[in-house]
Enquirer: 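One structure, pasted below without further comment.
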Amino acid sequence: MSQLSQNTEKPSLNPEQWVDKYGDYLYNFALGRLRNSTNAENAVQETLLAAFQSINSFSGKSTERTWLIGILKHKIIDHFRKNYREKPVTDITGDEQAIDQFFDRTTHLKNSPKSWEFNPSQLLENKEFWGTFQNCLTKLSSNARDAFVLREVEKLDGKEVCKTLNISSSNFWVLLHRARLQLRECLEENWFK
Amino acid sequence: MINCKEASRLISEQLEHPLSTHKRILLKMHLFLCKACAQVAKQLSSLNELLSKKAKSEEPPLTSCNSHLSDEAKQRMKDQLKKNKT
């Protein structure tokens, strides 16, 4: 690491600037995952304080914003853990019924799926698509959504998701199954039509 | 022979871990005969891949809320940071 890039990428030692520079970005990141403005706000505040206390651990290998996001991800998982410990998942019948809704009496899919034609690298950059994706997620049950977000968006290990959400692996699989079927249908209706 | 609902469960399970030989054969047979489920399997694995790539990109997903921290919240955070500085 050259002296120059270290100088330019070291976080500003005036962390007051963090709030104005990154506050809203971190808040939207947290809100997109936690869905609760108070929790999201707290996660941002905890992140900035933790960052401030470990300012010496910033190596300059990533940007300041990426570094803060890394800390925020841990705080978000802490919030999930706390929320699900306080309010454990007791019943996933609703999610099991939701899965049934996608199939007719002969257990075939009600809506026959289409072929999704897309260019992956273009879709990755397409803000509109990710907006649609985020919208589709809001239509899931909160349990299915949280399971899917931790597993597929945050790419946590399955066991870690079960621990964080305080659920059994069989319930976790039901939630993922529901989430995937519903997202598939929603994306097909709203994007890949 | 498994039905479409069971097949979709195995498609989802397959994204989590390798299936047992028995389950894998059941799913393969079903997908061979059922175009709809084969399509679902394709869609779900491409969504999975897309999200893996997105997770590594500079712009993480789920940031399009366009919300703002309230001025009070911002002030509170600044005060907190100041307090910790001293």
Side-chain angles (χ1 to χ4, degrees), chain A residues 15-16 18-20 23-29 31-33 37 40-41 44-45 48-49 52-53 63 66 69 99-100 102-103 106-109 112-116 118 120-121 123-125 127 130-131 133-134 137 149 151-155 158 173-174 176-177 180-181 183-184 187-188 192, chain B residues 1-17 30 34-85:
Chain A
E16 243 183 76
W18 288 351
V19 176
D20 291 324
D24 285 337
Y25 180 78
L26 296 173
Y27 180 61
N28 279 308
F29 185 97
L31 198 57
R33 285 150 181 78
S37 52
E41 216 179 275
V44 174
Q45 177 156 337
L48 295 178
L49 282 177
F52 181 63
Q53 279 152 8
T63 63
T66 306
I69 285 287
I99 292 171
D100 290 335
F102 293 107
F103 299 92
T106 57
T107 76
H108 285 96
L109 273 172
S112 90
K114 300 182 189 100
S115 168
W116 291 358
F118 64 91
S121 51
L123 207 55
L124 274 179
E125 307 289 329
K127 284 211 166 84
W130 293 103
F133 172 75
Q134 187 159 353
L137 272 177
V149 165
R151 178 71 189 101
E152 291 281 46
V153 178
E154 294 310 324
K155 293 291 173 188
W173 287 1
V174 171
L176 277 185
H177 186 192
R180 287 179 172 134
L181 286 177
L183 273 177
R184 187 208 73 72
L187 287 173
E188 187 154 287
F192 298 104
Chain B
M1 205 46 203
I2 53 174
N3 64 33
C4 293
K5 187 181 143 189
E6 287 158 344
S8 75
R9 191 171 58 77
L10 292 182
I11 292 168
S12 177
E13 189 181 330
Q14 200 174 32
L15 293 170
E16 295 308 305
H17 63 169
H30 184 96
C34 176
K35 271 193 181 150
C37 287
Q39 197 66 260
V40 169
K42 242 175 149 179
Q43 292 175 349
L44 290 184
S45 81
S46 51
L47 181 62
N48 190 277
E49 243 171 78
L50 197 67
L51 286 166
S52 297
K53 283 189 189 140
K54 190 70 176 167
K56 289 179 201 134
S57 78
E58 272 299 300
E59 277 310 313
L62 308 188
T63 49
S64 50
C65 294
N66 281 323
S67 298
H68 300 279
L69 282 169
S70 64
D71 290 341
E72 297 84 54
K74 283 189 178 171
Q75 196 51 53
R76 199 171 59 241
M77 289 179 196
K78 287 178 187 175
D79 293 344
Q80 277 277 339
L81 285 169
K82 241 189 227 160
K83 215 167 72 191
N84 267 263
K85 206 174 180 178

Enquirer: Flag the one option from B:Lys35, B:Glu6, B:Arg9 with the top tally of heavy-atom pairs under 4.5 Å to chain A.
Expert: B:Arg9
Enquirer: I want to check something: taking the side chain as every heavy atom from C-beta on, are A:Tyr27 and A:Ser37 in contact at a cut-off of under 4.5 Å?
Expert: yes
Enquirer: Supply the atom-to-atom distance A:Asp24 CG to B:Thr63 OG1, rounded to the nearest 0.5 angstrom.
Expert: 12.5 Å
Enquirer: Tell me whether B:Glu72 is salt-bridged to B:Arg76, with the criterion being a basic N under 4.0 Å from an acidic carboxylate O.
Expert: no
Enquirer: Does any backbone or side-chain atom of B:Ile11 lie under 4.5 Å from a heavy atom of chain A? Answer side chain, backbone, both or neither.
Expert: neither
Enquirer: Between B:Leu69 and chain A, which part of the residue has a heavy atom less than 4.5 Å away: side chain, backbone, both or neither?
Expert: both
Enquirer: Side-chain contact test, heavy atoms from C-beta onward, threshold under 4.5 Å: evaluate it for A:Arg180 versus A:Leu176 and give yes or no.
Expert: yes
Enquirer: Does any donor atom in the side chain of B:Gln75 or B:Asp71 lie under 3.5 Å from an acceptor atom in the other side chain?
Expert: no
Enquirer: Check step by step if salt bridge (charged side-chain N to carboxylate O under 4.0 Å, His left out) holds for B:Glu49 and A:Lys155.
Expert: CA-CA 11 Å; B:Glu49 243 171 78; A:Lys155 293 291 173 188; over 6 Å; no
Enquirer: So which of A:Gln134, A:Glu188, A:Arg33, A:Glu125 has the biggest tally of heavy-atom pairs under 4.5 Å with chain B?
Expert: A:Gln134
Enquirer: For B:Asp79, is it the side chain, the backbone, both, or neither that has a heavy atom closer than 4.5 Å to a heavy atom of chain A?
Expert: neither
Enquirer: Answer with side chain, backbone, both or neither: which region of A:Thr107 has an atom nearer than 4.5 Å to a non-hydrogen atom of chain B?
Expert: both
Enquirer: Which of the residues B:Ser8, B:Ser52, B:Pro60, B:Cys37 is involved in the greatest number of heavy-atom pairs with chain A at under 4.5 angstrom?
Expert: B:Ser8
Enquirer: Side chain, backbone, both or neither: which part of A:Tyr25 has a heavy atom under 4.5 Å from chain B?
Expert: side chain
Enquirer: Select, from A:Phe133, A:Phe118, A:Phe29, A:Phe103, the one with the greatest count of heavy-atom pairs under 4.5 Å involving chain B.
Expert: A:Phe103
Enquirer: A:Leu49 versus chain B, heavy atoms under 4.5 Å apart: side chain, backbone, both or neither?
Expert: both
Enquirer: Is it the backbone or the side chain of A:Leu26 that comes under 4.5 Å from a heavy atom of chain B, or both, or neither?
Expert: neither
Enquirer: Identify which of A:His108, A:Glu152, A:Lys127 forms the greatest number of heavy-atom pairs closer than 4.5 Å to chain B.
Expert: A:Glu152
Enquirer: Heavy-atom distances under 4.5 Å only: say whether A:Glu154 touches chain B with side chain, backbone, both or neither.
Expert: neither
Enquirer: Would you indicate whether the side-chain heavy atoms of B:Glu13 and A:Trp173 approach each other to under 4.5 Å?
Expert: yes
Enquirer: Counting only heavy atoms not in B:Lys42, do more than 12 fall under 6.0 Å of its NZ?
Expert: no
Enquirer: In the structure I gave you, are the side-chain heavy atoms of B:Met77 and A:Trp18 within less than 4.5 Å of one another anywhere?
Expert: no
Enquirer: I need the minimum non-hydrogen distance between B:Gln39 and A:Ser115, along with the two atoms involved.
Expert: OE1-CA, 3.6 Å
Enquirer: At a 4.5 Å cut-off on heavy atoms, which part of B:Leu51 comes close to chain A: side chain, backbone, both, or neither?
Expert: both
Enquirer: Please identify, among A:Ile69, A:Ile99, A:Asp20, the residue contributing the most non-hydrogen atom pairs under 4.5 Å to chain B.
Expert: A:Asp20
Enquirer: Picking from A:Leu109, A:Asp100, A:Val174, which has the most non-hydrogen pairs under 4.5 angstrom with chain B?
Expert: A:Asp100
Enquirer: Heavy-atom pairs under 4.5 Å with chain A: which of B:Ser70, B:Ser57, B:Pro61 has the most?
Expert: B:Pro61
Enquirer: Can you tell me how far the CD atom of A:Gln45 sits from the CD atom of B:Gln80, to the nearest 0.5 Å?
Expert: 4.5 Å
